[in-house]
Amino acid sequence: MFATAAEKTYPAWCATTTHLNVRAAGYQQARKIATLQPDTRIRVEYVNSNNWAAIQYGNQRAYVSARYIRYIAPIEEEVAKTATTPRSSTRSSTHGGFLSWIFTIGGWLIAIVIIRNVGIYILGSAGLLMYKAYWIVCIPFYILNWFQRHLSKPWRILHKGNTGRDYKNAELRSSYEWVQIPFYIILTPLRFVNAVYFNMIVHCSFEMYNYLIEIFLPCNDKEGADDYFRLILLAPWRALKYVVWHGGLTVIESAVWTVVDTFLPALTLFHGTNEQASTTITNAGRSGYTTGLTGIWNVGGGNYAGNGIYFAPSRSTALHYARGSLIVCRVSLGRVLDLGLAPMHVFKQCGYPNALGATKWGLNNGYVTGEWWRKDTGWWEYCMYDWQNRYNYSWRIRPLYVLNLYDKSMQRIPGGMCHWLFRKLVIKDIMTYFEEKLG
């Protein structure tokens, strides 16, 4: 004989111990609904005082004798509530799920806005920090750049002025070109160190700064500058376009220039100008900002040492010409004419506006750049000759970064700088350079 489970905890799972009749009510004479086989698993809601167990049979409440069931285990209350949830609760759950999706999407949007604003704040702070910190970090390398410049021509200081002895100056120009050869060989490791630092570390770092800003604060209207939906939707695309693609090209380009600068001497020089001009000179047009002069160096006013693009070996000199912006560049000066050793009629033209004669004489005699000691101000200047108002070999000037002197921060270049290697203009200029050398 099997013991009943009347004293157990319910609801619970039980099993029949024999063929057991299912009745419509809890007494012997009630209508029989069905008969259960032995070991049938049933859910018992409770056992009444007459020892009848209430069960759910189909869609109705039914009863079996509690004497012929075996207690297995209780059913947890939460599970019981879930199992007996009416259909109206299911509809409520569906409605709750829809609201849950709304809140989830809203939460993500809020998170994206917060992340964007935090990113903008961090990048803005980074721009200010980079402006202040880079001078300290760069000091050893500016010293190395200074050594490279002075050791390549240690006789420079002897020829600030011009003696007027044209025959003697011609002999000195020829002699110094031969003397430069051993200095060139000795300075190769120093050129390599400077090239790696300024091209690979400085330029790549500051360009990546421009690319990261495009993710959080795009300049191009088509990429979300004036549309918050596009701003969020196209963020992955902007990351691929700027950080991955253009960032990758920047690294490749910088590696190429590192090799070039090691064998074709380049110096880190300064060019002072205004904010609009600096943006136009360095901009690539990816942000929608384009003019007819985008990515082009053009001759300005003055030109006291010849018509061309001017650079200063000293930051303080460039600041004299700056009107809000300072472009720091790597410049391949090429064959340099020391104006202190130039013919006297050429030297006499310097110091007056638009010294076109100095430019023409230099270009006609194979010189790309003129180096001039400006006596009235006490500083050196370089003029990269260009008398047609189009820089003759554009690949020779590669901006590293731009400083905004008014905001005292790194100046943002919308969409990043031009790739001064991957351009038809530059490739054409390089081909022209080699054609002239081979011709």
TODO: Anything under 30° is parallel, anything over 60° is perpendicular, the rest tilted; go ahead and classify H271 against F311.
DONE: tilted
Open item on the list: Within this structure, what is the OG1-CD1 distance for the pair T40 and I55, rounded to the nearest 0.5 Å?
Closed with: 10.0 Å
Task: 4.5 Å side-chain heavy-atom contact, Y385 and C383 - done: yes
- [ ] With side-chain contact (heavy atoms from CB on, under 4.5 Å) as the test, would you mind laying out the steps for N220 and R286 before giving the verdict?
- [x] CA-CA 8 Å; N220 195 328; R286 301 181 199 115; over 6 Å; no
Task: salt bridge (Lys or Arg N to Asp or Glu O under 4.0 Å) against R173, all qualifying residues, sequence neighbours excluded - done: none
- [ ] Would you indicate whether R61, at its atom CZ, is surrounded by more than 12 heavy atoms from other residues, nucleotides or ligands within a distance under 6.0 Å?
- [x] yes
Open item on the list: I need the single residue from N283, L400, T282 that forms a side-chain contact (heavy atoms from CB on, under 4.5 Å) with M417. Which is it?
Closed with: T282
- [ ] Would you sort out whether I327 and W297 count as a side-chain contact (heavy atoms from CB on, under 4.5 Å), showing the intermediate values?
- [x] CA-CA 12 Å; I327 308 176; W297 290 86; 4.1 Å; yes
- [ ] Verify, without hydrogens or angle tests, whether D338 (side chain) and R156 (backbone) share a donor-acceptor contact under 3.5 angstrom.
- [x] no
- [ ] For I201, look at atom CD1 and say whether over 12 heavy atoms of other residues, nucleotides or ligands are found less than 6.0 Å away.
- [x] yes
Task: Check: R191 side chain, Y184 main-chain N or O, donor-acceptor pair, under 3.5 Å - done: yes
Task: Heavy-atom side-chain contact between V402 and I281 under 4.5 Å - done: no
TODO: Kindly compute the distance separating CH2 (W373) from CD1 (I157), expressed to the nearest 0.5 Å.
DONE: 8.0 Å
- [ ] Could you list the residues that satisfy salt bridge (Lys or Arg N to Asp or Glu O under 4.0 Å) with K241, not counting sequence neighbours?
- [x] E223
- [ ] Measure the spacing between CZ of F347 and CG of N169 and express it to the nearest 0.5 Å.
- [x] 10.0 Å
- [ ] Could you tell me how the ring of W379 sits relative to the ring of Y321: parallel (under 30°), tilted (30 to 60°) or perpendicular (over 60°)?
- [x] perpendicular
Open item on the list: If you apply the rule salt bridge (Lys or Arg N to Asp or Glu O under 4.0 Å), what do you find for R70 with D39, and how did you get there?
Closed with: CA-CA 9 Å; R70 182 176 72 254; D39 292 322; 3.7 Å; yes
- [ ] Under the ring-ring contact (aromatic ring centres under 6.0 Å, His included) rule, what do H203 and W257 come out as? Steps first, then yes or no, please.
- [x] CA-CA 11 Å; H203 179 57; W257 288 127; over 10 Å; no
TODO: Find out whether R396 and V368 are in side-chain contact, i.e. whether some heavy atom of one side chain is under 4.5 Å from a heavy atom of the other.
DONE: yes
Open item on the list: Tell me if the aromatic rings of F141 and Y197 count as close, with their centers under 6.0 Å from one another.
Closed with: yes
TODO: Compute the ring centroids of Y142 and F198, then answer whether they are less than 6.0 Å apart.
DONE: yes
TODO: Say whether, by atom type as modelled, one donor and one acceptor occur between the side chain of Y176 and the main chain of W155 under 3.5 angstrom.
DONE: no
Open item on the list: Surrounding NZ of K348 (heavy atoms of other residues, nucleotides or ligands, distance under 6.0 Å), is the total greater than 12?
Closed with: no
TODO: Could you grab the distance from atom CZ of R41 to atom CG of L36, nearest 0.5 Å is fine?
DONE: 14.0 Å
Task: Atom of E253, atom of W420 and distance for their closest heavy-atom approach - done: OE2-N, 2.5 Å
TODO: Could you check S325 against Q276 for side chain to side chain donor-acceptor pair (under 3.5 Å), going step by step and ending with a plain yes or no?
DONE: CA-CA 9 Å; S325 292; Q276 181 179 356; over 6 Å; no
- [ ] Count the heavy atoms of every other residue, nucleotide or ligand shown that sit under 6.0 Å from CZ of F263, and state whether that count exceeds 12.
- [x] no
TODO: Under the side-chain contact (heavy atoms from CB on, under 4.5 Å) rule, what do E45 and R43 come out as? Steps first, then yes or no, please.
DONE: CA-CA 6 Å; E45 301 298 332; R43 176 192 175 101; 2.6 Å; yes
Task: Heavy-atom side-chain contact between P353 and Y304 under 4.5 Å - done: yes
- [ ] Could you list the residues that satisfy side-chain hydrogen bond (donor to acceptor under 3.5 Å, both in side chains) with H345, not counting sequence neighbours?
- [x] none
Open item on the list: To check you understand the geometry: which heavy-atom pair defines the closest contact between A235 and I215, and what is its length?
Closed with: O-CG2, 4.4 Å
Task: Validation row: N162, L339 side chains within 4.5 angstrom (heavy atoms) - done: no
Open item on the list: Please report the interatomic distance OG(S174) to CG(L341), rounded to the nearest 0.5 Å.
Closed with: 11.5 Å
Task: Beyond-backbone contact of L172 with Y167, side-chain heavy atoms, under 4.5 angstrom - done: no
Task: Audit row: E214, H246, side-chain contact (heavy atoms from CB on, under 4.5 Å) steps and yes/no - done: CA-CA 12 Å; E214 289 300 323; H246 286 293; over 6 Å; no
Open item on the list: Quick check: closest heavy atoms across G362 and L337, and the distance to 0.1 Å?
Closed with: CA-CD2, 4.4 Å
- [ ] Indicate the atoms forming the closest heavy-atom contact of A358 with G306, along with that distance.
- [x] CB-CA, 4.3 Å
TODO: Only counting residues at least two apart or in another chain, list the ones meeting salt bridge (Lys or Arg N to Asp or Glu O under 4.0 Å) with R374.
DONE: D376, E381
TODO: Walk me through it: do K160 and E371 pass the test salt bridge (Lys or Arg N to Asp or Glu O under 4.0 Å)?
DONE: CA-CA 10 Å; K160 290 181 177 180; E371 184 178 18; over 6 Å; no
Open item on the list: For a 4.5 angstrom cut-off between non-hydrogen side-chain atoms, does L240 reach W245?
Closed with: no
TODO: State which residues pass side-chain hydrogen bond (donor to acceptor under 3.5 Å, both in side chains) with D261; sequence neighbours excluded, sorted by chain then number.
DONE: N199, R330, R398
TODO: For the pair N145 (side chain) and N194 (backbone), establish whether a donor and an acceptor sit closer than 3.5 Å, ignoring hydrogens and angles.
DONE: no
Open item on the list: Contact between Q148 and L267 at the side-chain level, heavy atoms closer than 4.5 Å - yes or no?
Closed with: yes
Open item on the list: Do R335 and Y367 form a cation-pi contact, if we require the NZ or CZ to be under 6.0 Å from the six-membered ring centre and within 45 degrees of the ring's axis?
Closed with: yes
Open item on the list: With a 3.5 Å distance limit and no angle check, can you tell me whether E207 reaches the backbone of G416 through a side-chain donor-acceptor pair?
Closed with: no
- [ ] Establish, from distance only, whether the side-chain atoms of N303 and N354 form a donor-acceptor pair under 3.5 Å.
- [x] yes
- [ ] Could you tell me whether the side chain of N307 and the main chain of V299 form a donor-acceptor pair under 3.5 Å?
- [x] no
TODO: Looking only at non-hydrogen atoms, find the nearest pair between Q411 and N210 and report the distance.
DONE: O-OD1, 4.2 Å
Open item on the list: Going by side chain to side chain contact (heavy atoms under 4.5 Å, CB included), name the residues that satisfy it together with T369, two or more places apart in sequence or in a different chain.
Closed with: L333, V336, Y382, M384
Open item on the list: Around atom CH2 of W13, are there more than 12 heavy atoms from other residues, nucleotides or ligands closer than 6.0 Å?
Closed with: yes
Task: OG1 on T273 to CG on L326, rounded to 0.5 Å - done: 10.0 Å
TODO: Compare every heavy atom of I413 with every heavy atom of T279, then report the nearest pair and how far apart it is.
DONE: CA-CD1, 4.5 Å
TODO: Keeping the roles fixed (side chain from Y211, backbone from R238), state whether a donor-acceptor pair exists under 3.5 Å.
DONE: no
